[in-house]
2 protein chains.
Amino acid sequence: MSEAVERTRSARMAEIRSAALELFTQLGYPATTMADIGAAVGMKGPSLYKHVASKQDLLVDIMTSTMTDLLDAHQAAVATANHPAERLRRATEAHVRYHTRHRLEAFVGNRELRSLVEPHRSHVLSLRADYEVGFRRLVADGVDSGHFQVTSTRLASYAILDLGMGVSSWYRDDGDLSEDAVVWQYGELALRIVGLCPGASAGTVVTPPGP
Amino acid sequence: MSEAVERTRSARMAEIRSAALELFTQLGYPATTMADIGAAVGMKGPSLYKHVASKQDLLVDIMTSTMTDLLDAHQAAVATANHPAERLRRATEAHVRYHTRHRLEAFVGNRELRSLVEPHRSHVLSLRADYEVGFRRLVADGVDSGHFQVTSTRLASYAILDLGMGVSSWYRDDGDLSEDAVVWQYGELALRIVGLCPGASAGTVVTPPGP
DNA sequence: TCCTTCGGCTAATGGTTATTAGCCAAAAGG
DNA sequence: CCTTTTGGCTAATAACCATTAGCCGAAGGA
């Protein structure tokens, strides 16, 4: 088998994955048929089985890779700063940036957990729990060191996480809010949520970078 | 037909609705079968048709009544105050309170829009749009009158709405955060999001009412 | 007491769907 | 050039499911 063939083969696989992702987003996993996915890539339903093992496999693939990507982005972001506020800001920015760049993955990842069959559901749930713990720890660190003012660490971290998830519902690439604008503003909102009011004490409105 | 019979008749209907709501939440609408709903109320699937017209009808009922309840709660809350900050706080409190008291309705309302068949989907979507406009206007009023500091009205109102929706994902009646505690704190968070930092300037942690 | 309605049941019906089986053209590769 | 693999197809399999049809016991009103 030539290398070129190998390339088109994996390209076809990616095409199928991407079509499945779009359809799962629009119709939901149960309502999406193999025939739908096939039609989206120009083949009949049964032909898909030459490329993927099952419909469930497509979902498992999408959901686990989404969670590991998100965890990786979080670790990388947190490692770039030391001050609690800056660490929280960067983690939030990474969180929101992921949700703008991978809207569909995040959307499906949040909505189709119950379509996942065991043991995959438990696996994804544990990855998600790890991710939540990461944020809770960031908030707790800021509280312990006296930088943040929150009534409940758990509630504040839920709030920040939920903001990002919301982004995957309404963000559009061609909307009038650019990715950078959303990322920057949500970074600021996270700090406001934990009781820091950047710019507020100066009495001026802080302006975001670029358009 | 006696009045007692009439009472048990509508009680049975409510029982079915409530069982459907719970199942739709856990399994999702497409994955929930009429047999499942029947089993939950102690009868076989086909017997349900003596009480409801169809599975879709159950969903339509749940989703439209949820949206109208939410709109009513919003109108009522906004009417109780004049100052922009207080109006936003009360609207947020009503929003969050609804999402704690009607967790399942809100959860299904957000996740099963695509299971709704036309024209019901459009109807619910327009109710939801009205609701979003209400919040956007509250934020805009605060900005126009110089009380709020936000970079984007749209983004700030999305953020506040998303917080409430998140509540319906993680709130539990028997959790360690009481309804009042969550409601109060999210009211504060909404104000922080629009640039007000209640209590922050005093340098002390604000305490919520009761446990 | 009679008879009507209520509210349950079981047994179709008709449709949909993931997945498998088996066929075949064309490309790869020696 | 022959042979094998690839990747498509159609047809069959084996569910599953919403909904309808038709039956029947029991309760309730007259």
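Computed from heavy atoms alone, side chains included, the values below leave out hydrogens, waters and symmetry copies.
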Nearest-Å distance for atom pair [atom1]/[atom2], residues [X] and [N]:
X	N	atom1	atom2	result
A:L59	C:dA18	CG	C1'	15 Å
A:R12	D:dG7	CZ	C1'	8 Å
A:L58	C:dT19	CG	P	10 Å
A:I37	C:dA18	CD1	P	8 Å
B:M34	C:dT13	CE	P	21 Å
A:M43	D:dG8	CE	P	4 Å
A:Q56	C:dT17	CD	P	17 Å
A:K50	C:dA21	NZ	P	11 Å

Considering only NZ, NE, NH1 and NH2 on the basic side and carboxylate oxygens on the acidic side, decide whether [X] and [Y] come within less than 4.0 Å.
X	Y	answer
A:R154	B:D176	yes
B:R12	B:E15	yes
B:E112	A:R114	yes
B:E86	B:R90	yes

To the side chain of [X], which of [options] is closest?
X	options	answer
B:Y49	D:dG8, D:dA18, C:dG8	D:dA18
A:T33	C:dT17, D:dA18, C:dG7	C:dT17
B:K55	C:dT19, D:dT19, D:dG7	D:dT19

Examine B:H99 together with B:Y171 and report whether their ring centres are nearer than 6.0 Å.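 That pair fails the under 6.0 Å test.
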When the ring centroid of B:H95 is compared with that of B:F135, is the distance short of 6.0 Å?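 Yes.
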Counting only side-chain N and O atoms of B:H51, is one of them less than 4.0 Å from OP1 or OP2 of C:dG8?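 Indeed, a polar side-chain atom of B:H51 lies that close.
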Test your reading of the model: is there a side-chain donor-acceptor pair from B:D57 to the backbone of B:S54, 3.5 Å cut-off?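 Not confirmed, B:D57 side chain does not pair with B:S54 backbone.
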Where protein sits on nucleotides 10-15 of chain D, one letter per nucleotide: B base, S sugar-phosphate only, - none, heavy atoms under 4.0 Å: BB----
